[in-house]
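This report concerns only the one structure given below.
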Amino acid sequence: MNKESAAALKGKKKLILQNWMENQLKDAALRDDLMSVAELQQQSEEFLTTLLKAFSSNQATDTESEGYEAIQDILNEISITRARQGFSPRETSSYVLSLKEVLSNVLEDRFREEPAVLYKEILSMHKIMDSLSLVTMETYIKGREEVILRQTNEMSEISTPVIRVWEGILALPIIGTLDSARTQVVMEALLQEIVATGSRIAILDISGVPTVDSLVAQHLIKTVSAARLMGAECIISGIRAEIAQTIVHLGIDLTNIHTKASLASALKMSFAMLGIQVSRAAQSQEGSKQTFGF
Amino acid sequence: MERIPILKMGPFLLVTIQVDLYDRLALTLENDLINMVSKTEAKGVLIDISAVSIVDSFMGRILGNIASMSKIMDATTVVVGMQPAVAITLVELGLTLSGVYTALDVEQGMELLRDKIGHLEKDEEGLYDSFI
């Protein structure tokens, strides 16, 4: 892009902004529910000012050059906020692309007499705008990925509650597939809770785990050993038939670990280990009134 | 030189480690403790490591050693108060201290020791009974 066209564009800044805004407001993809017109106007003006400044820099065609640093920053901010606000990818990238048409019109007016120059200038302008639109897309995806990552982390923390089912007995219902990162969260949560409550028995219920492979089994064994090192015993409950088959076929040794079919029987086993006796309350002699409870 | 105090409580020895163990200190402790077991004919050793935040494989091995040595000398070893981070580290290092009894705190550790000793004494009584 040469100095002449940069100057021409700068001179027509007001017109460009006006036309661009018109284009954007006309567009069916306008999301006035997510962003007010005034906000859009302000954002667009800031963007255009910085862009025109970049056009008049020495290396106007190189979007990686110093002159474009400010514009890259603005674009990053715009697309990250848009990703969070819930704009679609098309809406986000069309924001930059919609400026192309307006800029082309201005260049056409300026170089009407010199088609060769016009062609070259429009080509280089398109190149710059395309590259900026790619930057927008890249940042948009990055912003979305951050959102997804945060949600993944939250999910793995929320889905592993440590429950105190009795004095001295903790239960940890595990739901979903166990991977290394989640096992770490599970293990830490369990061990912290053991210290906090002074519990001597922890029941790991895996009825909500769809598959157990050798890695998951290894993680479970690690958790059990860590708890044992701290002085608490672990019972694994809720092993389904398919999982028992897989475990035996994989040759995983669980003989040193207490296992029970259901959470209820694991609880019963914990009672036995702690010497707790649970019995039905004495029923009234008439049999008319029944009391339920432990 | 820094030393870790070993307290005698009835038939048991109580060791509370309040500082992070470095190798030399750990070796001294192992030595002192075994001598003390032989001198007092203790029935049990209770090691409280609740204040220890860093454990390496060497320290893990020392704990294992103390347990096996005490066992030879007829004393039961219980390690109490291991921090979650320490437990995770030891497991990741592949040290599960299989010969060592563990408990959550000193109180439960003492209870466990009394339990173990109780069993032993009962067994011995039984033995004597059958002799008589």
Side-chain angles (χ1 to χ4, degrees), chain A residues 157 160 162 164 166-170 172 178-202 204 215-234 236 252-258 270 272-276, chain B residues 14-17 21 44-57 59-64 66-67 76-116 118-119:
Chain A
E157 270 165 38
T160 49
V162 184
R164 190 159 167 247
W166 205 272
E167 206 183 314
I169 305 171
L170 292 178
L172 185 101
L178 279 174
D179 55 25
S180 303
R182 252 194 97 199
T183 318
Q184 198 72 20
V185 176
V186 170
M187 204 198 267
E188 275 167 26
L190 178 68
L191 299 187
Q192 291 292 353
E193 203 59 24
I194 287 176
V195 173
T197 60
S199 300
R200 280 167 58 184
I201 293 179
L204 297 168
L215 207 65
V216 173
Q218 201 196 346
H219 286 319
L220 281 175
I221 293 171
K222 260 189 199 168
T223 312
V224 174
S225 322
R228 194 174 278 168
L229 276 180
M230 289 175 48
E233 276 296 318
C234 280
I236 297 181
I252 297 160
D253 184 24
L254 290 184
T255 45
N256 291 324
I257 294 171
H258 306 291
S270 337
M273 286 161 88
L274 291 180
I276 298 173
Chain B
L14 177 63
V15 182
T16 312
I17 302 175
L21 280 182
V45 177
L46 194 137
I47 306 174
D48 175 31
I49 58 166
S50 52
V52 177
S53 54
I54 303 166
V55 153
D56 54 12
S57 57
M59 160 92 180
R61 217 179 70 210
I62 294 275
L63 284 177
I66 291 178
T76 314
T77 307
V78 177
V79 174
V80 305
M82 192 180 291
Q83 294 295 316
V86 174
I88 292 176
T89 316
L90 282 185
V91 170
E92 293 293 342
L93 289 171
L95 293 163
T96 49
L97 304 185
S98 44
V100 183
Y101 292 107
T102 50
L104 284 174
D105 49 34
V106 176
E107 208 175 335
Q108 292 188 11
M110 276 293 174
E111 208 175 290
L112 184 67
L113 271 182
R114 266 187 223 115
D115 240 39
K116 298 278 168 215
H119 281 306

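Order of the sequence lines sets the chain letters (A, B, ...), proteins ahead of strands, with each chain counted from 1. These figures come from a predicted structure and were not determined experimentally.
- For the atom pair CD1 (A/Ile194) and CE (B/Met82), the distance works out to 12.5 Å, reported to the nearest 0.5 Å.
- At a 4.5 Å heavy-atom cutoff, the contact between B/Leu95 and chain A is made by backbone atoms alone.
- Taking each heavy atom of B/Ala87 and A/Ala226 in turn, the nearest pair found is CB-O, 3.5 Å.
- For B/Val52, the side chain to side chain contact (heavy atoms under 4.5 Å, CB included) partners are B/Ile17, B/Asp20, B/Ile49, B/Val55, not counting sequence neighbours.
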Any donor-acceptor pairs between chain B and chain A, under 3.5 Å? If so, list them.
from     : atom 1 : to       : atom 2 : distance (Å)
A/Lys222 : NZ     : B/Glu92  : OE1    : 3.2
A/Arg228 : O      : B/Thr102 : OG1    : 2.3
A/Gly231 : N      : B/Thr102 : OG1    : 3.3

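- Taking B/Ile88, B/Val86, B/Val79, B/Val80 one by one and counting their heavy-atom pairs under 4.5 Å with chain A, the maximum is reached by B/Ile88.
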